[in-house]
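One structure is given below, encoded as structure tokens.
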Amino acid sequence: MIIIVMGVSGSGKTTIGKLLADSLEWEFSDADAFHSPENVEKMRRGIPLGEADRMPWLQDLQTAIKHWLQENKNVVLACSALKDSYRQFLVLDSDRIKLVYLKGSYELIQMRLQERSNHYMSEKLLNSQFYTLEEPLNTISMDVAQPPQVIVQNIRTALGI
């Protein structure tokens, strides 16, 4: 199974994803690691990525997901997956790939980003993240105001794992 933990920057994808992967003894992967140096530099400068920037990144993620599925790997992937079209591109097998949406208020996530250091995604990009976000329907949704361990347990309960 592959669990894609999605949401805007600052929603806790990496934190929750790592905790979830550790609790399941699964592999963890962060979609940020798939970005090109050019994309990272753009985001570091507060410039939102366009569709042309995202496509090679999405293709690399899809290739990794295909590989994990072929190898029957259990992976937790932290990935923004903000648009429905991106999620459709990545969810190659709805029986074996599950989405978990980390949902939070703009104010809470803005506060988290202000407290963050040494990360290229600054609070400058938060408006574009919320603007781009197409909230998923019929998926597991978690309130990020809860403590991380509670979120992880609720995800496991919702997925029956």
Side-chain angles (χ1 to χ4, degrees), residues 1-37 39-40 43-44 49 54-105 108-109 111-113 115-122 125-126 129 132-161:
M1 179 185 289
I2 298 170
I3 301 170
I4 300 176
V5 179
M6 59 148 302
V8 298
S9 181
S11 61
K13 296 181 299 292
T14 301
T15 300
I16 299 302
K18 284 180 179 177
L19 286 170
L20 180 61
D22 287 347
S23 78
L24 294 167
E25 297 181 359
W26 288 11
E27 187 176 322
F28 172 78
S29 186
D30 196 323
D32 285 350
F34 290 78
H35 277 298
S36 69
N39 281 3
V40 171
M43 291 183 283
R44 187 183 315 284
L49 298 181
R54 283 192 186 95
M55 206 58 211
W57 172 70
L58 287 166
Q59 288 169 335
D60 288 346
L61 286 169
Q62 187 188 66
T63 299
I65 289 169
K66 283 179 185 175
H67 179 72
W68 297 331
L69 289 172
Q70 288 168 351
E71 293 191 349
N72 288 315
K73 281 191 169 186
N74 292 317
V75 179
V76 176
L77 173 65
C79 178
S80 55
L82 297 177
K83 287 189 173 187
D84 184 56
S85 61
Y86 305 161
R87 295 187 293 272
Q88 287 181 28
F89 190 76
L90 298 175
V91 178
L92 303 171
D93 179 342
S94 60
D95 290 332
R96 297 194 302 160
I97 300 175
K98 302 300 179 191
L99 285 172
V100 174
Y101 171 41
L102 299 181
K103 182 176 182 170
S105 70
L108 173 62
I109 293 173
M111 184 182 70
R112 288 180 175 183
L113 288 175
E115 293 171 355
R116 189 187 258 184
S117 61
N118 298 324
H119 194 281
Y120 63 81
M121 260 321 251
S122 73
L125 293 172
L126 189 58
Q129 291 261 301
T132 302
L133 176 64
E134 296 170 0
E135 290 195 344
L137 304 172
N138 304 319
T139 192
I140 298 165
S141 182
M142 294 288 146
D143 178 1
V144 300
Q146 299 176 86
Q149 293 294 352
V150 171
I151 295 171
V152 167
Q153 188 54 53
N154 289 342
I155 292 169
R156 291 190 63 170
T157 299
L159 290 172
I161 53 176

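For this chain, numbers begin at 1 and follow the sequence in order.
The line from CG of Leu113 to CD of Gln129 is 8.5 Å long, rounded to the nearest 0.5 Å. Atom-to-atom distance recorded for Ile65:CD1 and Leu92:CG is 6.0 Å, nearest 0.5 angstrom. Taking CD1 from Ile2 and NZ from Lys66, the interatomic distance works out to 12.0 Å, rounded to the nearest 0.5 Å. To the nearest 0.5 angstrom, Leu24 atom CG is 8.0 Å from Asn74 atom CG. In this structure, Thr63 OG1 and Phe34 CZ are separated by 9.0 Å, a value rounded to the nearest 0.5 Å. For the atom pair OG1 (Thr15) and NZ (Lys18), the distance works out to 7.5 Å, reported to the nearest 0.5 Å.
Judged purely by atom type and a 3.5 angstrom limit, Arg112 uses its side chain to pair as donor or acceptor with the backbone of Ser11. A donor-acceptor contact shorter than 3.5 Å links the side chain of Thr139 to the backbone of Leu99. Under a 3.5 Å cut-off, the side chain of Ser23 and the backbone N or O of Leu20 do form a donor-acceptor pair. A donor-acceptor pair under 3.5 Å is formed between the side chain of Lys13 and the backbone N or O of Gly7.
When all heavy atoms are compared, the tightest approach of Cys79 to Trp57 is SG-CH2, 3.9 Å. The two atoms that bring Val144 and Ile151 nearest to each other are CA-CD1, 3.9 Å, heavy atoms only. In this structure, Gly17 and Val5 approach most closely via the heavy-atom pair CA-CG2, 4.3 Å. Closest approach of Leu126 to Ser9, counting heavy atoms only: CD1-O, 4.0 Å. The two residues Glu27 and Ala21 come nearest to each other via the heavy atoms O-CB, 3.9 Å. When all heavy atoms of Leu61 and Ala31 are compared, the pair lying nearest together is CD2-CB, 3.7 Å.
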side-chain contact (heavy atoms from CB on, under 4.5 Å) assessment of Asn72 paired with Arg96 | CA-CA 9 Å; Asn72 288 315; Arg96 297 194 302 160; 2.9 Å; yes

Exercise. Are Gln153 and Val150 close enough, and set up right, to give a side-chain contact (heavy atoms from CB on, under 4.5 Å), and what steps lead you there?
Worked result: CA-CA 5 Å; Gln153 188 54 53; Val150 171; 5.9 Å; no

| request: Take Ile155 and Met142, measure what side-chain contact (heavy atoms from CB on, under 4.5 Å) needs, and give me the verdict at the end. | output: CA-CA 8 Å; Ile155 292 169; Met142 294 288 146; 3.8 Å; yes

Apply side-chain contact (heavy atoms from CB on, under 4.5 Å) to residues Ile97 and Ile4 and explain how you reach the verdict. CA-CA 7 Å; Ile97 300 175; Ile4 300 176; 3.8 Å; yes

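In this structure, Lys98 places its NZ atom where more than 12 heavy-atom neighbours from other residues, nucleotides or ligands lie under 6.0 Å away.
Residues Ile3 and Leu77 are not in side-chain contact: their nearest non-hydrogen atoms beyond the backbone lie 4.5 Å or more apart. A heavy-atom distance below 4.5 Å is not found between the side chains of Met6 and Val100. No side-chain heavy atom of Val40 sits less than 4.5 Å from a side-chain heavy atom of Pro37. Contact annotation: the side chain of Glu135 approaches that of Leu133 to within less than 4.5 Å [non-hydrogen atoms, C-beta and beyond].
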Donor-acceptor pairs under 3.5 angstrom involving side-chain atoms of residues 82-90: please list them, not counting sequence neighbours.
| residue | atom | partner | partner atom | Å |
| --- | --- | --- | --- | --- |
| Lys83 | NZ | Glu51 | OE2 | 3.2 |
| Asp84 | OD2 | Gln88 | NE2 | 2.6 |
| Tyr86 | OH | Glu51 | OE1 | 3.1 |
| Tyr86 | OH | Glu51 | OE2 | 2.6 |
| Tyr86 | OH | Arg54 | NH1 | 3.4 |
| Arg87 | NH1 | Ala81 | O | 2.7 |
| Arg87 | NH1 | Leu82 | O | 3.1 |
| Arg87 | NH1 | Glu134 | O | 3.1 |
| Arg87 | NH2 | Glu134 | O | 2.7 |

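The ring-ring contact (aromatic ring centres under 6.0 Å, His included) search around Trp26 returns none, not counting sequence neighbours. Not counting sequence neighbours, the partners of Glu71 by the side-chain contact (heavy atoms from CB on, under 4.5 Å) test are His67, Lys73.
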